There are 2 protein chains.
Amino acid sequence: MTSIRPRPATITDIARQAGVSTATVSYVLNDAPAGARIPEETRARVRAAADDLGYVPHASARSLRTGTRDLVLYVHFDVAHGPLASEFLYGLARALRDLGYTLMQYGAEKNRGVKAARAWAALRPAAVVAGDDRLTAAGVELLTKAGIRVIGLGSDPVLAKGTGLSTLVMDHHAIGLAAGRHLTGRGYRDLAVVLPTDPPLRVMGEGRLSGVREAAAEAGAAVRVHDMDYSPAAAAEIVAAWRAEGLPRGVFGYNDEFSGLLLGALLDAGVRVPDEVGLIGADDLMLCTMLRPALTSVRLQSESPQEIARRITEAITEGAEVHLSPWTPHPVPRQT
Amino acid sequence: MTSIRPRPATITDIARQAGVSTATVSYVLNDAPAGARIPEETRARVRAAADDLGYVPHASARSLRTGTRDLVLYVHFDVAHGPLASEFLYGLARALRDLGYTLMQYGAEKNRGVKAARAWAALRPAAVVAGDDRLTAAGVELLTKAGIRVIGLGSDPVLAKGTGLSTLVMDHHAIGLAAGRHLTGRGYRDLAVVLPTDPPLRVMGEGRLSGVREAAAEAGAAVRVHDMDYSPAAAAEIVAAWRAEGLPRGVFGYNDEFSGLLLGALLDAGVRVPDEVGLIGADDLMLCTMLRPALTSVRLQSESPQEIARRITEAITEGAEVHLSPWTPHPVPRQT
DNA sequence: GTAACTAGCTTAAACGAATAACCGCGCCTG
DNA sequence: CAGGCGCGGTTATTCGTTTAAGCTAGTTAC
């Protein structure tokens with residue numbers, strides 16, 4: 001097999017075909033002011049050759065020469081694949097593109113800290129957005145020293161202040177507070193909260209729990225806490241425990257999916273929802289409208305992606321630390 | 001603000017600090033055979049300098065020089081955000097990395113055809129995996145001419161044969177066949193199938209429908225078809241129509257999420273599931289175990305990501321057309 | 001005494017693109 | 001007729017890296 005591996009056309013190829021120098025080609029193709037004196041006839045010849053050869057500029061050769069970085073790396077955590085995260089990412093990508101940046105998702109590496117940071121830095125992005133579970137101080141320092149802005153997803157803005165690390169967080173306390181107030185607002189004084197065992201989720205769960213605790217304190221309600229992994233069996237176990245020790249009146253199930261599992265287990269145990277136990281999730285997934293009774297949830301309304309993208313580019317161009325928390329929670333009451 | 005924008009260290013910086021030439025640095029850092037005669041003492045000096053400066057090689061400068069492409073672009077379709085797609089992608093990324101490639105997701109562009117192809121080609125990937133809704137013949141040709149392999153997600157392998165386009169498809173007919181046989185196997189002879197209105201989903205839905213039709217033909221069953229968009233209202237409308245014209249005995253709801261909506265609407269209408277209407281979804285999401293009655297579903301078992309990655313690299317290195325269909329459907333019976 | 005060899009490097013040329021600086025020619029002006 | 005200038009480009013350098021080819025001082029062989 002002597003298949004000639006096709007080579008992408010370069011400006012040199014165009015120059016040869018159009019009978020000009022590569023400089024001329026570059027000036028024409030970029031409409032560069034320095035090459036303003038090139039007559040239309042030559043321009044046309046160059047453009048025809050480029051078209052004919054199917055020329056596409058070599059992005060990294062260009063950025064090597066100009067020293068510009070337009071890549072923003074998004075290292076998603078394992079949990080970031082719901083419709084909520086997906087839509088956020090999509091909007092952000094579009095907004096960043098409109099500002100001249102290219103957002104790429106890069107999620108293969110399980111490794112974290114300096115090792116991961118080196119892999120990211122090799123790509124010379126302008127910024128990297130990464131889950132805080134991937135970041136270590138040494139890793140952040142390596143990136144920062146290389147002129148790469150780091151935006152920690154879920155990192156604590158208070159801790160980050162002054163370290164050069166920017167943050168993009170969901171205010172989990174506020175989510176828990178909204179959920180808790182919804183429950184206490186219904187008159188429930190005996191609350192239960194589910195805390196996922198999966199480590200990245202657990203951190204968020206603890207933030208949400210503290211919000212529920214605040215709401216409970218306001219209303220003089222009690223709060224029970226239950227570890228749960230994401231499985232029907234775990235949900236059944238918790239419900240069994242409730243049967244034994246007495247049902248809670250209001251439950252915050254961490255999010256819609258954990259709440260969905262709990263709801264199934266409650267119904268299996270013959271518990272009447274919401275007459276005996278009220279339930280609220282979070283994320284307001286379509287799932288809520290599939291369940292019967294339909295699940296009450298805390299919706300997270302995001303700021304406009306344009307605004308978030310603008311702030312991120314601010315961090316890039318001005319080297320500023322930005323701290324974003326673009327989601328506002330509000331409860332969506334349904335049947336539970 | 002005279003913040004000196006930090007510049008990543010280069011081999012030139014290391015060379016200066018270690019008092020050697022850049023060639024030596026390169027030889028040492030790459031353990032190159034050509035530089036085998038460099039004594040340990042010099043090596044140590046170079047490595048110390050590299051460490052000290054926090055050196056990370058510039059991936060695109062390197063690949064510019066060596067002419068190697070190790071990037072695989074994955075242009076996800078809008079629908080690719082379920083746990084199924086997520087897990088597949090994750091495994092693929094890891095497997096490709098182990099083979100020396102870097103998988104990146106690049107999903108911002110709504111545009112398709114030649115315009116999108118140009119954007120992808122600018123990044124000089126070794127291959128691009130893209131939804132067939134993003135591909136046009138002209139776009140594929142542009143990429144192929146630039147030596148970039150194209151793998152169409154969901155493209156028809158029969159049509160692609162000989163065009164140079166590789167394919168990675170889900171066998172929707174087989175999914176529909178499995179679902180249909182499950183329903184006819186329960187003795188149902190009056191079937192209904194839901195067809196999403198969203199264009200990318202619709203194409204898959206049609207494939208699944210043809211599978212159900214085959215199963216129905218085998219058993220002498222009738223098949224009704226209903227358009228549905230992904231909303232509770234659309235589900236309620238279909239159920240209302242069924243009430244009017246007579247309930248189907250067995251329903252294939254396209255996937256778990258559409259089936260979940262249907263289930264909710266059926267229960268709202270007082271229909272007993274599965275006594276009056278049997279229901280099966282597809283994807284076997286955790287959602288199935290949250291619903292009551294728990295949703296029967298068609299699970300898609302994927303081949304090992306290593307094998308898929310190997311085939312993809314085969315397409316890259318040998319320029320071969322590969323046609324993959326790594327998912328096998330089998331029904332998971334639950335309560336519906 | 002010199003050719004041959006080795007150790008330990010360095011020099012220089014690429015890769016694809018951008019761009020500052022220059023160059024030859026024709027024409028006009030003083 | 002020298003000098004200047006506009007036109008239509010070209011030359012050369014650079015970005016960070018790799019790598020083939022060379023170079024020098026010292027050692028060994030004959």
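Predicted model, so just to flag it, every value in this text is computed and none were measured. Throughout, a chain's letter reflects where its sequence line sits, starting with A, and its residues are numbered from 1. Worth knowing before you read on, the calculation uses all heavy atoms, side chains too, and leaves out hydrogens, waters and symmetry mates.
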By ring-ring contact (aromatic ring centres under 6.0 Å, His included) - contacts of B/Phe88 (at least two apart) = B/Trp327

Would you list the pairs meeting ring-ring contact (aromatic ring centres under 6.0 Å, His included) in which at least one residue belongs to residues 137-167 of chain B, sequence neighbours left out?
-> none

For atom [atom1] of [X] and atom [atom2] of [N], their distance in whole Å:
{"X": "A/Asp70", "N": "C/dA18", "atom1": "CG", "atom2": "C1'", "answer": "15 Å"}
{"X": "B/His58", "N": "C/dA17", "atom1": "NE2", "atom2": "P", "answer": "15 Å"}
{"X": "A/Arg65", "N": "C/dA17", "atom1": "CZ", "atom2": "P", "answer": "13 Å"}
{"X": "B/Ile11", "N": "C/dT11", "atom1": "CD1", "atom2": "P", "answer": "14 Å"}

Spatial distance of atom OG1 (B/Thr102) from atom CZ (B/Arg69) [nearest 0.5 Å] | 13.5 Å

Which of these nucleotides, C/dC15, D/dT17, C/dA17, is closest to any side-chain atom of B/Leu64?
-> C/dC15

Whether [X] side chain and [Y] backbone form a donor-acceptor pair below 3.5 Å:
{"X": "B/Gln306", "Y": "B/Ala95", "result": "no"}
{"X": "A/Thr167", "Y": "A/Val169", "result": "no"}
{"X": "B/Arg149", "Y": "B/Glu314", "result": "no"}

So do B/Leu324 and B/Glu303 actually touch side chain to side chain, heavy atoms under 4.5 Å?
-> no

Non-neighbouring partners of [X] that pass side-chain hydrogen bond (donor to acceptor under 3.5 Å, both in side chains), sequence neighbours left out:
{"X": "A/Glu307", "result": "A/Arg310"}
{"X": "A/Thr24", "result": "A/Ser21"}
{"X": "B/Glu41", "result": "none"}

Give every residue pair that meets the side-chain hydrogen bond (donor to acceptor under 3.5 Å, both in side chains) criterion with at least one member in residues 27-39 of chain A, sequence neighbours excluded.
-> A/Ser26-A/Asn30, A/Asn30-A/Arg62

Describe, as an angle rounded to 10 degrees, how the axis at the first end of the helix from C/dG1-D/dC30 to C/dG30-D/dC1 is tilted relative to the axis at the last end, five pairs per end.
-> 80°

Residue pairs passing the salt bridge (charged side-chain N to carboxylate O under 4.0 Å, His left out) test where at least one lies in residues 15-25 of chain A, sequence neighbours excluded | A/Asp13-A/Arg16

Pairs flagged by salt bridge (charged side-chain N to carboxylate O under 4.0 Å, His left out) wherever residues 49-58 of chain A is involved - sequence neighbours left out | none

Could you encode protein contacts along nucleotides 22-27 of chain D as a string, one character per nucleotide from 5' to 3', using B for base contact, S for sugar-phosphate-only contact and - for no contact, with a heavy-atom cut-off of under 4.0 Å?
-> B-----

Does a nitrogen or oxygen in the side chain of B/Arg7 sit under 4.0 Å from OP1 or OP2 of D/dG16?
-> yes

Which residues, if any, of residues 38-51 of chain B bring a heavy atom under 4.0 Å of DNA chain C?
-> B/Pro39, B/Thr42

Within residues 13-32 of chain B, those residues having any heavy atom closer than 4.0 Å to DNA chain D are B/Ala23, B/Ser26, B/Tyr27, B/Asn30

